[in-house]
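Residue numbers start from 1 in every chain, and the chains themselves are labelled A, B, ... in the order their sequence lines are given, proteins ahead of strands.
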Protein chains: 2
Amino acid sequence: MHPTDSELEILNILWANGPNNVRFINEKLNQKREVGYTTTLKIMQLMFEKGLITRDDSNKTHIYKSNIKEGKTKQSLLQNFVQNTFNGSMKALVVEALGEGSSSKEELDEIKRFIKSIQEKEQ
Amino acid sequence: MHPTDSELEILNILWANGPNNVRFINEKLNQKREVGYTTTLKIMQLMFEKGLITRDDSNKTHIYKSNIKEGKTKQSLLQNFVQNTFNGSMKALVVEALGEGSSSKEELDEIKRFIKSIQEKEQ
DNA sequence: TTTTATCTACGAAATCATTCGTATTTAATA
DNA sequence: TATTAAATACGAATGATTTCGTAGATAAAA
């Protein structure tokens, strides 16, 4: 089950900050863009119904928690994106990713260093 | 302007096969999944209105042609995906892409060879 | 020329994501 | 206790995407 963009935004906040209430999430979201409180609440309620998140409702203020794994989720989203956009070829994606414009020079260097570290590890 | 998933499917066919009519696109789509002819037609008409594709309507059967560049489009989609999913870090994406499960061993090797070729070219 | 096949145009329904207003409940404060 | 503040629940509107049926136009075939 794939989260939508809005749901992913919320999941990212939960993954980075751990379980939290709606107000916290909403404030984090509002650091990026304007969102009404009840909008965030509604989306999180729907996410709860979908099973994307769980909640502790033993207190007035409910505490929400991600119910799906960050790594698995992102890997699945990536898989899906590669399928749709690059006909399933991860290489085509990497070619585009390492091509001009996509990343800063610093990040490119960092990526190359990472690749190198894999290669060394495996030999 | 970002194409939707369905629109991207159609664009991919146009990019790979050049200008074509609705029937051709629809048949290609039906090799993957069942889609009605008028569904494909409608989507392409909307794509035309959005300016994603152009058409030659001098004959009864209209010939449609992509109006956006494959490379630019995919780069932009990738940029967007990286922003939403990996907080803008292309490295985080590559880490996930080269991680286990995402690609076959063969493809991984291919990617590594590609990376190597870049590194050699730049030094 | 009449019939048949093919294509476009168009409208409308179904689904989904997002948004927010209002009502209600609960807790904290005066 | 009475008031205020904060939280949840819920319904409904909006807009976008996808789907397809039907009607009408055009060309090809009989």
Side-chain angles (χ1 to χ4, degrees), chain A residues 1-14 19-65 68 73 76-77 80-81 83-85, chain B residues 1-14 19-65 68 73 76-77 80-81 83-85:
Chain A
M1 212 276 128
H2 275 177
T4 67
D5 283 357
S6 288
E7 291 171 343
L8 186 60
E9 261 186 309
I10 290 172
L11 285 169
N12 273 325
I13 295 172
L14 287 174
N20 263 296
N21 60 23
V22 176
R23 182 143 308 275
F24 177 84
I25 305 290
N26 186 245
E27 274 164 11
K28 280 279 180 191
L29 288 178
N30 274 276
Q31 289 172 7
K32 285 209 301 178
R33 59 189 181 88
E34 205 180 306
V35 207
Y37 177 84
T38 54
T39 301
T40 303
L41 171 65
K42 180 68 160 191
I43 292 178
M44 292 179 73
Q45 284 171 341
L46 291 174
M47 289 172 77
F48 172 67
E49 283 175 22
K50 292 179 187 175
L52 291 173
I53 53 183
T54 57
R55 72 179 176 190
D56 173 358
D57 59 357
S58 60
N59 294 299
K60 182 196 171 191
T61 302
H62 301 175
I63 303 295
Y64 289 86
K65 180 172 174 272
I68 59 180
T73 301
S76 170
L77 286 168
N80 190 66
F81 176 75
Q83 191 57 54
N84 291 340
T85 311
Chain B
M1 214 275 127
H2 276 176
T4 67
D5 283 356
S6 289
E7 291 170 344
L8 185 59
E9 260 186 311
I10 291 172
L11 284 169
N12 273 325
I13 295 172
L14 288 174
N20 263 296
N21 61 23
V22 176
R23 182 144 307 275
F24 177 84
I25 305 290
N26 186 244
E27 274 164 11
K28 280 278 179 189
L29 287 178
N30 275 275
Q31 289 172 7
K32 286 209 302 178
R33 61 189 180 87
E34 205 181 307
V35 206
Y37 177 84
T38 53
T39 302
T40 303
L41 172 66
K42 181 67 161 191
I43 293 178
M44 292 181 74
Q45 285 172 340
L46 292 174
M47 289 172 78
F48 172 67
E49 283 174 22
K50 292 179 185 175
L52 291 173
I53 54 183
T54 58
R55 71 180 177 190
D56 173 357
D57 59 357
S58 60
N59 294 299
K60 182 194 170 192
T61 302
H62 300 175
I63 303 295
Y64 289 85
K65 181 172 174 269
I68 58 180
T73 301
S76 171
L77 286 168
N80 190 66
F81 176 75
Q83 190 57 54
N84 291 341
T85 311

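- Near-neighbour residues of DNA chain D inside residues 28-40 of chain B, defined by a heavy atom below 4.0 Å, number-ordered: B:R33, B:G36, B:T38, B:T39.
- Straight-line distance from the CD1 atom of A:I10 to the C1' atom of C:dT19: 13 Å, rounded to whole Å.
- No side-chain heavy atom of A:H62 sits less than 4.5 Å from a side-chain heavy atom of A:M44.
- Atom CZ in B:R23 sits about 12 Å away from atom C1' in C:dT8, given to the nearest Å.
- With sequence neighbours excluded, no residue forms a side chain to side chain donor-acceptor pair (under 3.5 Å) with A:N84.
- In this structure, the side chains of A:K50 and A:M47 stay at 4.5 Å or more apart for every pair of heavy atoms.
- The two atoms that bring A:L11 and A:L52 nearest to each other are CD2-O, 4.2 Å, heavy atoms only.
- For B:Q45, no side-chain nitrogen or oxygen approaches OP1 or OP2 of C:dT8 to under 4.0 Å.
- Shown here for B:E7 and B:P3, the closest heavy-atom pair between the two residues is OE1-CA, 3.2 Å.
- Going from atom CD of A:E49 over to atom P of C:dA17 covers 12 Å, rounded to whole Å.
- The side-chain contact (heavy atoms from CB on, under 4.5 Å) search around A:T85 returns A:F81, B:L8, B:K74, B:L77, not counting sequence neighbours.
- Here A:K28 contributes atom NZ and A:N12 contributes atom CG; the two are 12.0 Å apart, rounded to the nearest 0.5 Å.
- Across all their heavy atoms, B:Y64 and B:V22 have their closest contact at CE1-CG2, 3.7 Å.
- In this structure, B:I25 CD1 and B:Y37 OH are separated by 10.5 Å, a value rounded to the nearest 0.5 Å.
- When A:T39, A:N21, A:T40, A:N20 are each tested for a side chain to side chain donor-acceptor pair (under 3.5 Å) with A:N26, only one passes: A:T40.
- Other residues, nucleotides and ligands contribute at most 12 non-hydrogen atoms within 6.0 Å of the NZ atom of B:K65.
- Atom CG of A:L41 and atom P of C:dG21 are 14 Å apart (whole Å).
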- Message: How would you summarise protein contacts on nucleotides 25-30 of chain C per nucleotide, using B for base, S for sugar-phosphate only and - for none, with heavy-atom distances below 4.0 Å?
- Response: -BS---
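- Separating the OG1 atom in B:T54 from the CD1 atom in B:I63 is a distance of 11.0 Å, to the nearest 0.5 Å.
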Produce the list of close N/O pairs, under 3.5 Å, pairing protein atoms with atoms of nucleotides 28-30 of chain D; give distances to one decimal.
none

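- Taking atom CG on A:D57 and atom C1' on D:dA9, their separation rounds to 13 Å, with Å as the unit.
- Whole-Å rounding puts the B:Y64 OH to C:dA9 P distance at 6 Å.
- Partner of A:I53 under the side chain to side chain contact (heavy atoms under 4.5 Å, CB included) criterion, out of A:L46, A:I68, A:L14: A:L14 alone.
- We find that CG of A:N26 is positioned 15 Å from P of C:dT18, with the value rounded to whole Å.
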Shorter than 3.5 Å, N or O on both sides, protein versus nucleotides 11-17 of chain D: list them out with atom names.
from, atom 1, to, atom 2, distance (Å)
D:dG11, N7, A:K42, NZ, 3.3
D:dG11, O6, A:K42, NZ, 3.2
D:dT17, OP2, B:K50, NZ, 3.4

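- Atoms CZ (B:F48) and C1' (C:dC10) sit 16 Å apart, rounded to a whole Å.
- Considering CG of B:L41 and CZ of B:R23, their distance stands at 10.0 Å, rounded to 0.5 Å.
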